[in-house]
Amino acid sequence: MSDNPYLAHLNKKKGGSSTPAPELLAKEPLFGFLPRRVTSAQVQRALESDVNPFTKAPHTAQYKKILAARKKLPVYAQMEEFYKMFTEHQIIVMVGETGSGKTTQIPQFVCYSDLPHTKGKLIACTQPRRVAAMSVAKRVADEMDVQLGEHVGYSIRFEDMTTPGTTFLKYMTDGMLLREAMNDPLLTRYSTIILDEAHERTLATDILMGLLKTLAKQRSDLKIIIMSATLDAVKFQKYFGIKPKEGVEGEQGIMQPAPLFKVPGRTHPVEVFYTQEPEPDYVEAAIRTVLMIHRAEDEGDVLLFLTGEEEIEDACRKIKLEADDLMNNDPDSVGPLACVPLYSSLPPQQQQRIFDPAPSPRSGGGPPGRKVVVSTNIAETSLTIDGIVYVVDPGFSKQKVYNPRIRVESLLVSPISKASAQQRAGRAGRTRPGKCFRLYTEKDFMSELEEQTHPEILKSNLANTVLELVKLGIKDLVRFDYVDAPAPETLMRALELLNYLAALDDDGNLTPLGAMMAEFPLDPQLAKMLIVSPEFKCSNEILTVVAMLSVPNVWVRPPSMRKEADAAKAELTIPNGDHLTMLNVYNMYMQNKYDKNWAWQHYLSARALAQAENVRAQLERTMERFEIELVSSQDMRTFYDNVRKALCCGFFMQVAHREGEKNNYLTVKDNQVVGLHPSCGLDNQPEWVLFNEFVLTTRPYIRTVTDVRPEWLLEYAPTYFDLSTFTDGETKRALQRVINKRAGKSEVRVGSNGDNREKKKRKKN
DNA sequence: GAGCACTGC
């Protein structure tokens, strides 16, 4: 038997169902607990104990206080039902609406059943976002009366707040668990894995669901809980269903859906209103509705959902102007209004303003003030604002769309799903009964909106994901058991890219280079150029470029100071490439670190630059692990050329050739007509450019662009630039000329005809 | 001569 002290006792006594002596329980609250066979009565007794069963320290007064609050959570009342289901099944789907306490309580329930601390195992609970993983872990550590980072911890990128050997309950981002799976495909450290917020369908959660479904068959000791919102539960139940007679010849197993554990939420009712007719201009209608609420509805704050920064800032200005007018015209019935914008690129300090209280009445006894938060989707999932009573939902959000044919992800304002509309409405009922005004007709809601928002896996470029899956040992990507399978063309595009980058061989097997690439938290193109950069004596520089490309835009351009911002940018610009400018910006930032105001004075985001520093350090550690040298060229004549050459090794598939005159480029092979983005710092329009991204806004643009030489492309990516694979056109002819010229040059050396001399002469002019 | 919905490694 194991060295489990509780079990050891049990074996001596033969049978542990009789109630143990109180003195024993006082010292060993977990006495008599059988792993995975505990009852809610046992657990409740342990919870009431004066001794912490995990630390053996006496419980604090705070513990008792929190416990009293926990007992009021809906999920607490269903503890017995939970243990019964958990004991009997390997996989459970759980539905718990907001306020049910599922995220904090269920993992603790599992701890008492798994007793992971006696077996050196852990329980993992994944979250789609870092802040959630951190804050929930803190809360649960308090509830369990332990230090955060000891028995209960969290693990997110850049921060591992766990103690190996001590931590047995770990909250983590879904991406982190996926990373761990790449090095331990059986996830042997875990006794139970809980995927929380599965309905959000992040890429990582979707891949994890596929892995866990397979893993459940290989590891009978592993338990899995999928926690989600109501609408998705049936889909997950079916996906994780089992055929009882699977494998038995001649038997047609009947699919048994995974059991559902359902816990009610604790929210207030929200009354939903629709418009009679469709609204032609949703922004105008939204502003009108907010003002109507302000004039006619009882006290309570308003949350308005719009799609982006510009729209939000614009709406805030208009609402403020009109609300001030209303108040001045009718001070006895209309109170003051504060309008607060909210979107992710807003500095944290300004984001905090959403938590400010509503303005007070202008005079004692006057009409109350009201706060209006105008937000992107960030307020739908990531941030909750208490005190919201009214929600205005125009029914749109910006959504990512991926077009595998031209390999471009773009953002498109699109109608939201029913699930999303429901989530938005719910934001009105967190503190008291509320109202939701939908700026579309009920008929449109019923018949036009999709049930669910498309999962990320259907909207993304999967190059990264495919590399991860191959690293995970998934052989047949097309037949992998996805919850929702991506378009075959998306997978083909990803495989093609990875093959050109030599991460996969022609049979789709991972190459040693690909295995290394998969270890970097980067897109494959970036990982590739980082790994090859020592060959060009510029790994220090490429590491910086890669870090800068991994963080949000560092340039700040306030609408009122565009000229100044552009001038500041011009001073830092390196004329033959935006990538080189990024390198320069980072180096200048590091040189001026003693000056706290440097970033601000140069219209740069200090936050983004600090992030780049952080990413750079993390990538540097991974490079050390693989003994990839950090080197720089001392020769200033070749310094930037080396960087440009290394860029070609990763991004040779993202090259465009100038055709015709003003700002007209054609992407190589895909033949998309694009223009240099206005933010581009190139001083002329070079014939060949390499770009980091292709964006589709008012017209197709390429952004973050560097001037490259066609000779480099032919030399470092001969397979991709094999001319027999090109369609006829100016690009092919231009490349052919380069090849002819090179051949000609070598012929000149052996003494050649006048044609080549003629060509050389032309080139000089 | 334009923009950055939101996450994550």
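These values consider heavy atoms only, across backbone and side chains, with no hydrogens, waters or symmetry-generated copies. Lettering follows sequence order; numbering is per chain, from 1.
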Base versus backbone protein contacts along nucleotides 2-7 of chain B [heavy-atom cut-off under 4.0 Å; B, S, -]: BBBBSB
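Salt-bridge check for A/E311 with A/K398: failed, with every basic side-chain N at 4.0 Å or more from each acidic carboxylate O.
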Review item, side-chain donor-acceptor pairs of residues 346-353 of chain A, under 3.5 Å, at least two apart:
from   : atom 1 : to     : atom 2 : distance (Å)
A/Q351 : NE2    : A/Y343 : O      : 3.1
A/Q351 : NE2    : A/S344 : O      : 3.3
A/Q351 : NE2    : A/L346 : O      : 3.3

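Rounded to an integer number of Å, the gap from A/N614 CG to B/dC9 P is 11 Å. In this structure, the CD atom of A/Q611 is 10 Å from the P atom of B/dG8, given to the nearest Å. Going from atom CG of A/L676 over to atom C1' of B/dG1 covers 12 Å, rounded to whole Å. Rounding to whole angstrom units, CD1 of residue A/I702 and P of B/dG1 are separated by 16 Å. Going from atom CG of A/L522 over to atom P of B/dG8 covers 16 Å, rounded to whole Å. Between A/L549 atom CG and B/dC9 atom C1' there is a gap of 16 Å when expressed in whole angstrom units. Distance, A/D174 CG to B/dC9 P: 8 Å, rounded to whole Å.
Note: A/M172 CE to A/M161 CE = 15.5 Å, rounded to the nearest 0.5 Å. Rounding to the nearest 0.5 Å places CG of A/L211 at 5.5 Å from CD1 of A/I474.
There is no side-chain donor-acceptor pair under 3.5 Å between A/Q423 and A/T381.
Counting any heavy atom pair closer than 4.0 Å across all strands shown, A/I156 reaches sugar-phosphate atoms only and no base atom. A/T202 comes within contact range of no nucleotide atom at all, as no heavy-atom separation falls under 4.0 Å.
For A/T465, the side chain to side chain contact (heavy atoms under 4.5 Å, CB included) partners are A/L203, A/I207, A/L462, A/L469, not counting sequence neighbours.
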